[in-house]
Amino acid sequence: MKKLLQVVMLLSIFFPISAFSQQKTTIKGKIMDTIAKRPLNNGRILILDAKDSILVTFTKAKIDGSFEISNVPFGKYILLVTYPSYADYVEHFKLDSLKKELDLGGLNMVTKANLLKEVIIKGRNAITINGDTTEFNAEKFVIEPNSKVEDLLKQLPGITVDKNGSITAQGKRVTKVLVDGDEFFGDDPTLVTRNIRGDMVDKIQLYDKKSDRATFMGIDDGKTTKTINVVLKENSKSGYFGKIGAGVANGGLYDAQGMFNSFKGKRKFAAYVNVSTTGKTGPGFTDGNRFGTVPLNVSTVDGVTGFFDELEGTGTYNGRGFPLARTSGLHYDNKFKNDKHSINLNYRIGDIRIKGEENTISQEILQNKITYNNSTRNFNNYTSRQKFDITYQVQLDPTWALKIYADATLKHIESLNSSVATRSLGNNQLLTNQINSSSADGDQKAINSSILLTKRFKKARRTLALTIDQSYSNSGTNRYQNTIDNFYSSSVLDSIRTIDQYKLLNTKNFNNRIGVSYSEPLTQEFTLILNHDLSLNNTDFIRSTFNKSGSGNYNNLDNRFSNDLEYKELANQSGLMFNFRKNKNVMNFGLRTYAARYNQVEKRTSQEFSRNYLNLNPQISYTYNSTQDQSIRLSYAGNTSQPRVDQLQPILSNDDPLNIVIGNPDLRPAYNNRFNITFNSFKPLTKVTFYANASYTFSSNSISNSYQTTLSGQTIIRPVNISDKNPNDLTLSVELTKSFPKFQLSLNANTGLSNTYDIVNNVLNNRQYFNYSYGLRFSKSKSRKYSFSFRVNPSYYSSKQSIQSLESKNWTIATNTDITIYLPKKFEIFSDAAYRYTRNNQALGQIVNPFIWNGGIAKKFFKSQNLKLSITGNNILNQNPGFTIRPNYQNTYTTIRRYFMIALAWDFTKMGANK
Amino acid sequence: MKKCLLIIVYLIYYNQGFGQNVNFITAGQIIFEKSVNTYPIIKRELNESKLILIEQQRYEQYKKSEPQFKVLESKLSFSNNKLSFSPEFDNRNDLLTANPAVEQINIVYTDLEAGLRISQKTLFGSKFLIKDEVKKIEWKITDEVREISGYLCRRANAIIMDSVYVVAFYTDEILPSGGPESFNGLPGMILGLVLPHESMSWFAKSVIPSTPMEISPPTKGKKLESKDFLNTIEVLNSKSLRPQKLKPILKYLLL
């Protein structure tokens, strides 16, 4: 026991007495931040033994950064200088009898932020990239009071929002905007972005949404939609909010809108009403796909049938004419029983009437002569639609899940059109003159349903999915057509042809598909995915054409232009795919086949046409995620493209008597090859996003058209295979965005080169098209002071045809300047100016270069600034923007011109957190 | 034009850094939480005991009624070169044995400038006052860092009493070279301390900076020379009602 105590006693003497180290030196120096030019007072200077890094001694730097350590025995040491948030300074040194004193001089310290640009130490950053999701932390972006999600999106690097509310992110159009991962009013992004308040948002997630099937199996089928998910703050999930606004303008123009939202936990309810004659305000008909109309062409990718939907092409406002739009909708979604059940309901109703006039001038090559087409059209179109959809999802047990979707659409159209078209040679020598008037009204009913049943097995990545899809649509159209064609030879009237007919069109389509998919993990890295679909499509197409009888009634059936067709397609689609995933590498490869039997019967003549075909679609893609914020993806896909039925055997049509389409039963399938490389990088600390994409496609045996023009001015169009030339297309695009502390700068450049081939009057014609476009965008804003953005987009195109020596080329510069200044007393003034300069088109003569200037003044009232009175001038300089231009093509139209509007808008909100 | 583009690209990639002014803390209070994993400590103690069956039963009883981790709070007040470490409250009554590992027996006063230490130790019901000089620990500095209570701390390792492995985390944002109990000697304040093989740790729960204040040494207790300390313990132990084996607990008494 005594021995033990003696040991402990000895241990208690910790201080090592360096009795023999008489040879000692003094170390001196000074520590500085050289960039900020200041001494680092209280920085710690440590002397460590080089052998085992045991701390020998340490000191603090004085106020001027200097330090002095005396009595350091001879030896080898490490100097370690530390200072909070600076990188360590490390230096090896030796003390021996040669130096009495060691003066290390000035030691430069560097902040960690400068040194470790790639390293994020802690905290929630403004932007993070997690796998393929880019996440923006809303708190890090400052927005105005009562502003909406759209205003927040405009501030996010790499995202642009145009005047219509369409969003582009990382070079692609965003087609889906979700709220907390759920659909909100279907696919109309503006119903989220212009409705939900910016201050309710916790974060914005941007990603490529995969199909339900791909998400479930954890594989990548390459079919993605750019999606934004708006994640709400916890305290914004209970309460109500909305907006009521109305405005009147000179010229009888007006706008009114109301929105109401009530959120309570997982339950979301929303309603809106919107009436507008300016074509500007929000929810509605700016996107044709929004109403999700049933596509009448039976199979979109693989199929061979192709019909013209008599009801398509109306119901969207694209700036042509004067619109009156009324829309309204209801939305409800909720989750029950620990989120195991979820339901999502939407109902929307709306109509639009557009009246206007347009003029088109185009240039064509006709037997080595240039012909000019000039047509003027008057239109008055009305469309109304209603759509109801429901999605119900249930997690039956931990492994089984069921999703049921159904929608129903009712659509009605009315249209009145009249046009005058002339075709002439360069020296004003008239070839044809057409006067056309038509009126139509039609109705469409459509029902779609889809069931997805999925099962996950205990073994990871072993899954089974069953899908059943059904769609039914029935549309009927009545159309009156009156066309008079005058044919001239040498400017003298040669012949007249008149069409005065009544047409009754009815299309019934019934589409069934049943599919099963199975995935099986082969090894740790490999997964096999098998799928098989069986689909049956049935379409009845009845067209009855009546000529006017002597009595003035349309009751003489015209057999040439009447049909009673029945189409049937039975298809087997099989897929075998492999998915490989290891570390940072993801690879998918496999083959899809589509085998179909197609049958077509003309019931009146019992004429039958049938064929079997097989499509092959090999695909491979490879993704390398070098870091969390950087990835590169390479892909190839090939697919067979079958000639459409109307290319093989068209339905004889006299809708356009000047352009006659005839079939080619000898058409062979074409084969398309597509290569793509995409590089994506984001540096969180320097806030630099970089995106580059290159894609190249070429087709062999491509299906093109042969144009045979008669001297009388009629064009006969016949599809043909081009076997000795491969049309190709190359596009390159680069985008670089950098957020500085005070402003944001982005640059982009796009180049396109394409070659297409057709046959013009038995001569192979190569159309070559180049285009370059560049963009520079600068934006700077200071909360409650101002926001400013400037954009300039120069572009150049050139187009050449081998049969014609004339090269068409032109350049355009478009600039856009947006300024909002927030003045004292809650006043704000805003202005956006757009100027586009296009050099005169050599072929088509004079062009207007419009300068469109909108601006106004607004005042906000109340403490929460939720009432806003504004006076806005639209197109203040009254310069008509109504034209579009392409090579050899120019289109001018009537559109809304200058107006001044006075408007009042009230934002209301009551959230759980505000109580 | 090309030159202009280059300049823009350069501007985009160039990133200016700025140094920050650091407010070094010279005075304030740190609340430490000492966490002790009692099971292995009691188990070790039992292994030394001869009354295996009885002690085993008591151990099982203890495991049923007491939490595995005993958490004890303490406070370190510091102002420039003077520091005082003291337990927040005394809670030895609920313990199986009077084990100093699961107690806080020390009030430690340190004057860094004078290199002086005055510790008040409460042992076997009596208070002792020991005057000593500041012990030097041979710290091995590493480049590992972690955050404790919002302060970025650097790790240093040491072996004390020839066999006790110590891991300390110190921050250079707090100037005085102090720490919990009598641990110190690093170029900053120790906010985290772990004795991995002894199943105990101290971590700063909060740091409250303040203006300079008076720090005074403990005065109560029987004055004792440090060289007489061990002898005194042995005598006291042999006189106590339940004498313990000193070997396993000695290192805790010396902390």
Side-chain angles (χ1 to χ4, degrees), chain A residues 1 4-16 33 35-38 40-46 48-49 52-56 58-60 78 80 82-86 88 90 109-115 117 121-122 683 685-688 736-738 740-741 745-747 774 776, chain B residues 4-5 8-9 11-24 26 115 132-143 145 147 150-152 154 156-158 160-164 170-175 177 185-188 226-227 229-231 233-234 246-247 250-251 253-254:
Chain A
M1 195 70 202
L4 169 82
L5 284 179
Q6 276 169 353
V7 172
V8 176
M9 288 280 287
L10 271 172
L11 292 178
S12 68
I13 306 160
F14 288 100
F15 196 72
D33 179 338
I35 292 169
K37 300 231 177 345
R38 64 187 191 95
L40 296 172
N41 175 29
N42 278 332
R44 238 51 63 82
I45 298 98
L46 286 72
L48 311 181
D49 194 322
D52 49 16
S53 32
I54 281 181
L55 180 64
V56 177
F58 67 87
T59 191
K60 293 191 286 248
I78 300 165
L80 170 67
T82 70
Y83 193 87
S85 80
Y86 276 68
D88 293 344
V90 181
M109 300 284 284
V110 184
T111 60
K112 278 180 188 159
N114 267 354
L115 198 72
K117 278 185 183 166
I121 294 157
K122 55 162 190 165
K683 297 222 166 88
L685 210 72
T686 52
K687 295 196 178 66
V688 176
L736 183 68
T737 305
K738 159 94 190 174
F740 291 90
L745 198 60
S746 82
L747 291 171
Y774 302 92
L776 174 95
Chain B
C4 184
L5 268 174
I8 291 162
V9 170
L11 271 174
I12 284 177
Y13 267 108
Y14 184 68
N15 189 62
Q16 172 84 44
F18 300 96
Q20 304 102 304
N21 271 309
V22 177
N23 289 320
F24 288 95
T26 56
D132 212 347
E133 56 183 358
V134 175
K135 291 180 275 185
K136 171 146 179 161
I137 300 169
E138 289 203 332
W139 293 108
K140 203 177 253 198
I141 306 291
T142 75
D143 55 4
V145 290
E147 204 195 274
Y151 294 86
L152 200 64
R154 181 185 291 272
N157 305 328
I160 58 165
M161 297 183 232
D162 258 3
S163 62
V164 179
Y170 79 94
T171 177
D172 55 0
E173 287 180 59
I174 303 174
L175 282 175
S177 297
L186 282 165
S226 66
K227 63 177 171 20
F229 180 58
L230 287 168
N231 274 329
I233 297 168
E234 205 172 316
L246 274 181
K247 198 183 151 194
L250 205 53
K251 53 193 169 194
L253 299 175
L254 288 168

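Below, all heavy atoms of this structure are taken into account, side chains as well, without hydrogens, waters or symmetry copies. Quick note on labels: first sequence line is chain A, next is B, and so on, each numbered from 1.
For the pair A:L80 and B:R154, the minimum side-chain heavy-atom distance is below 4.5 Å.
In terms of heavy-atom pairs under 4.5 Å with chain B, the best-connected choice from A:N42, A:N41, A:I78 is A:N42.
Applying the salt bridge (Lys or Arg N to Asp or Glu O under 4.0 Å) criterion to A:R44, with sequence neighbours excluded, gives no partner residue. Scanning for side-chain hydrogen bond (donor to acceptor under 3.5 Å, both in side chains) contacts around A:T82 gives B:D172, with sequence neighbours left out.
Taking both residues in full, the closest heavy atoms of A:F58 and B:S177 are given as CZ-OG, 3.3 Å, listed atom of the first, atom of the second, then distance.
Taking CG of A:L55 as the start and CG of B:L186 as the end, the distance is 6.5 Å to the nearest 0.5 Å. Put simply, CG on B:N157 and CD1 on A:I54 are 10.0 Å apart, with the number rounded to the nearest 0.5 Å.
Neither the backbone nor the side chain of B:T142 comes within contact range of chain A, judged by heavy atoms closer than 4.5 Å.
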